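Quick caveat, the model's predicted, so the values are computed rather than measured.
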Number of protein chains: 2
Amino acid sequence: MSQPAAKAVKRVCMRDHIRDILVGRILDGTYPAGTQLKELYLAREFDVSQAPIREALRELEGSGLVSSERFRGTRVRGADFAEMRESYELRMMLEMRSVALAAPYKPDLLADLAGYLREMDTAVKADDSEAYIDNALRFHRRLVESSGNRTFLAVWDSLLWDIRGRIALRRLAEMGKSLKTLVSMHKALLGRLRAQDVAGATERVQALLARVSSAFDQNGATR
Amino acid sequence: MSQPAAKAVKRVCMRDHIRDILVGRILDGTYPAGTQLKELYLAREFDVSQAPIREALRELEGSGLVSSERFRGTRVRGADFAEMRESYELRMMLEMRSVALAAPYKPDLLADLAGYLREMDTAVKADDSEAYIDNALRFHRRLVESSGNRTFLAVWDSLLWDIRGRIALRRLAEMGKSLKTLVSMHKALLGRLRAQDVAGATERVQALLARVSSAFDQNGATR
DNA sequence: AAGCTGTCGATTATCGATAATCGTCCCGTG
DNA sequence: CACGGGACGATTATCGATAATCGACAGCTT
């Protein structure tokens with residue numbers, strides 16, 4: 001699966017390059033849900049052969065971004081709200097358990113989280129939701145990483161939170177919910193972690209993700 | 001030498017066929033951990049081109065069975081016991097939560113589980129561990145499926161329990177642990193489900209998986 | 001002998017072309 | 001007019017061949 005850290009420089013591998021471009025286009029709406037990604041068409045556009053396109057598409061399929069049927073092509077998968085909620089339920093479990101496993105919380109973990117939180121705060125004040133989400137994801141991924149459970153991290157990564165998160169944020173914005181609340185919830189969480197309060201921290205993680213997940217409730221209400 | 005299996009069933013898709021064969025070989029030890037799977041070599045053996053081999057390998061990579069480095073080939077990944085234990089922790093979370101979500105337990109679910117359990121019982125009496133594990137996996141997968149959470153099921157599926165389970169069973173056998181205990185634990189679980197006892201059932205699921213997971217404890221002791 | 005450099009063999013990544021498959025449209029039939 | 005049968009176009013799956021890359025080793029320099 002794709003790694004969070006992308007090599008900025010010289011790509012030795014066409015398919016990685018293509019994959020990243022395709023992910024970008026799906027994210028920014030160039031390819032809306034349902035768009036068929038035709039191999040030869042893309043091959044011509046990127047001036048490569050069909051092979052690297054196929055491999056990139058298969059990689060996207062593995063991460064659930066697109067789905068393909070035999071001989072019938074590959075299409076961009078839409079954001080199914082019910083499925084979103086379900087995936088947030090899993091994420092909640094993963095992160096809550098991670099908070100328990102990560103205890104006691106080491107200074108370098110706390111320092112990292114504090115750094116991300118600071119960036120989140122700055123981003124929200126600058127009304128830069130892209131920067132907010134980038135750092136929020138780093139924050140949460142770091143939490144899962146600190147559990148020491150590689151399977152947790154692999155599954156967390158596989159769920160493509162950079163995509164789901166952006167959709168959630170857009171929804172929350174549409175619902176008029178401010179990111180400021182999320183930042184303060186993260187602050188509270190970090191406070192509990194600093195106090196080595198496992199139960200408290202777990203509770204905050206749950207509350208936090210429940211709030212984000214509420215973007216996908218049928219009526220859109222937080223209740 | 002060419003493979004007679006190629007003619008067995010009319011596969012529309014070579015890569016699926018090849019993938020299944022490769023999985024089988026990794027499972028039965030034909031390809032021990034660390035074996036390099038060379039594309040052209042396999043291509044000649046299966047009498048196909050390199051392309052479908054590559055696609056099959058990439059699929060295996062996606063499910064963690066093998067890992068590949070750029071230009072350095074694809075190798076069979078070994079069974080890391082620590083990682084096994086970690087994956088069982090996730091499985092435990094998934095199944096415990098599924099038991100909670102699936103309530104109240106419908107008659108058709110209970111009937112399916114009872115059917116699988118019967119097969120498990122028969123298999124153990126016939127000392128057929130293959131049949132046991134097949135049905136045990138059906139039992140557990142059905143449980144996760146009944147949660148109604150598609151993400152849960154997708155993640156559960158992605159963890160390749162047919163492989164991990166077999167390894168666990170082999171270990172348990174080496175440790176002299178009988179499958180009979182596992183069958184009776186499943187019986188107890190089904191009893192709790194029939195009684196609509198969510199807490200009790202959850203507890204049994206945990207105990208059950210903990211016992212299997214113990215195959216990967218450092219010393220091999222159940223404690 | 002240690003270090004550097006260039007070449008070679010093995011293997012993967014990519015190419016350009018062909019075969020297989022699916023959906024559709026046209027046509028004849030009832 | 002509804003309906004099945006085949007030809008066609010579009011697209012994917014696979015092929016056979018070539019280019020790119022890596023690891024190792026030999027030969028040269030010091």
Quiz item: To the nearest Å, how far apart are Arg15(B) CZ and dA19(C) P?
Solution: 21 Å
Quiz item: Is the shortest distance from a Lys or Arg side-chain nitrogen in Arg58(A) or Glu55(A) to a carboxylate oxygen in the other one below 4.0 Å?
Solution: no
Exercise. In plain terms, say whether Asp157(B) and Arg141(B) are close enough for a salt bridge, that is, a side-chain N and a carboxylate O under 4.0 Å apart.
Key: yes
Self-check item: Set of residues satisfying ring-ring contact (aromatic ring centres under 6.0 Å, His included) with respect to Phe139(A), sequence neighbours excluded
Solution: His186(A)
Quiz item: Please give, in whole Å, the distance from dA13(D) P to Arg58(B) CZ?
Solution: 14 Å
Exercise. Send over the distance from Gln50(B) CD to dA13(C) P, rounded to a whole Å.
Key: 8 Å
All N/O contacts under 3.5 Å from nucleotides 6-11 of chain D to the protein, with atom names and distances to one decimal?
| residue | atom | partner | partner atom | Å |
| --- | --- | --- | --- | --- |
| dT11(D) | OP1 | Lys38(A) | NZ | 2.6 |

Quiz prompt | Glu89(B) side, atom CD; Arg97(A) side, atom CZ - distance, nearest 0.5 Å | solution = 4.0 Å
Quiz item: Would you call Asp16(A) and Arg19(A) a salt bridge, using N to O less than 4.0 angstrom?
Solution: yes
Quiz prompt | Base dA13(C) to side chain Glu55(A), donor-acceptor N/O within 3.5 Å cut-off | solution = no
Quiz prompt | ring pair (Phe, Tyr, Trp, His ring centres under 6.0 Å): pairs with one or both residues in residues 73-124 of chain A, sequence neighbours excluded | solution = Phe81(A)-Phe216(A), Tyr88(A)-Trp161(A), Tyr88(A)-Phe216(A)
Practice problem: Return yes if a side-chain donor-acceptor contact under 3.5 Å exists between Trp156(A) and Glu95(A), otherwise no. | Solution: yes
Practice problem: For Asp16(A) and dT14(C), give me the distance from atom CG to atom P, rounded to whole Å. | Solution: 8 Å
Practice problem: Quickly work out the Glu69(A) CD to dA13(D) C1' distance and round it to whole Å. | Solution: 16 Å
Quiz item: Pick the nucleotide of DNA chain D nearest each of Thr74(A) and Ala51(A); which residue has the one closer to the 5' end?
Solution: Thr74(A)
Quiz item: Taking OP1 and OP2 of dA13(D), is either one under 4.0 Å from a side-chain nitrogen or oxygen of Arg70(A)?
Solution: no
Quiz item: What is the distance from CZ of Arg19(B) to P of dT14(D), rounded to the nearest Å?
Solution: 12 Å
Quiz item: dT12(D) P sits how many Å from Leu57(A) CG, rounded?
Solution: 8 Å
Quiz item: Rounding to a whole Å, what distance do you find between Ile18(A):CD1 and dA13(C):P?
Solution: 14 Å
